[in-house]
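Indexing begins at 1, ligand by ligand and atom by atom, following the structure's order.
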Amino acid sequence: MTSAKAAIHPRRVGDITVTVLSDGYLDATLQVVRNLPPDPEDLLRRHGGRVPPRISVNTFLVQSGGRTALIDTGSGDSMGPTLGQLPRGLAAVGVAPEAVDAILLTHMHPDHSNGLSDAAGRRLFPNAEVVLHESEIPHWFDDAAMARAIESQRIRYFGQARQQIAPYRRDRVREFRGGEVFPGVTAIPIPGHTPGHTAFLIASGNARLLVWGDTVHIPELQVPRPETTMMFDTDPDAAAKSRVRVFDMVVTENLPVAGMHLHFPGFARVTKGAGGFALAPEA
Ligand SMILES: [Zn+2]
């Protein structure tokens, strides 16, 4: 039973169930980090991180009002054996890919959207609509932006985004600017990491949870030092501004958060003290 090893963890948000389904992890190098704080390895260790950093990749299943959505799809089979675990997690919670009504994408990057389609160009979620910000697809189909990108990102980012969305594009894509996009789920654009990068606020009764996408990639560095950016941010300055805006919002509103790259199971709270922002994983 491979499904016995699936890393999954359910959480209630009022009447809505949000279950983290791990897609796995990847070991990164600090060479992908920009605007690094001094002594980054020390900062990583002091906050309990590994050196070099290990990055969790999470997706979230949302069951609300009799409908089923998945926030992001993981990396499919495109990023090696430590990733691509989402199908196992789905099987473990007893949800067939055919039963997924909507895929809400925080953005299109290999570790978030390469699980949409297989190599033969077939939809892995045959009955789902893909729901994403209106700035996302135009960016990845922008030939001029593709030409400007560094070589390693032309195929892996632009090429694969085009390939992954193709089987859905004709009649199964719904684009938004913001607002409620699924029962109890509101889209909050937080551009910078990509032009259409979006957080999803899940609310039911008095309970709320913000799934903040890639607000941080390496929490040990980017929570205490929000100015730290990543080489694959489309607009690093805007990404850093969005990060601080999200931190301020979740502190002010005392909102629990869930992150694609927070360590599994990925639920936490942000606090702000004299030393800046800090992250407290949920018990
Ligand atoms: Zn990511």
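Judged by a 6.0 Å distance limit and a 45° cone about the ring axis, Arg169 is positioned over the six-membered ring of Phe141.
Take His133 and apply the ring pair (Phe, Tyr, Trp, His ring centres under 6.0 Å) test, not counting sequence neighbours, and it matches Phe176. With sequence neighbours excluded, the residues satisfying salt bridge (Lys or Arg N to Asp or Glu O under 4.0 Å) with Arg208 are Glu253.
Taking the N/O/S atoms of Asp111 in turn, the shortest distance to the Zn ion (ligand 1) belongs to OD2. Asp214 contributes OD2 as its N, O or S atom closest to the Zn ion (ligand 1).
With a cut-off of 2.8 Å, the Zn ion (ligand 1) has no N, O or S atom of His193 in range. Among the atoms of His261, an N, O or S atom is found under 2.8 Å from the Zn ion (ligand 1).
Under the 4.0 Å criterion applied to side-chain N and carboxylate O atoms, Asp237 and Lys241 are not assigned as salt-bridge partners.
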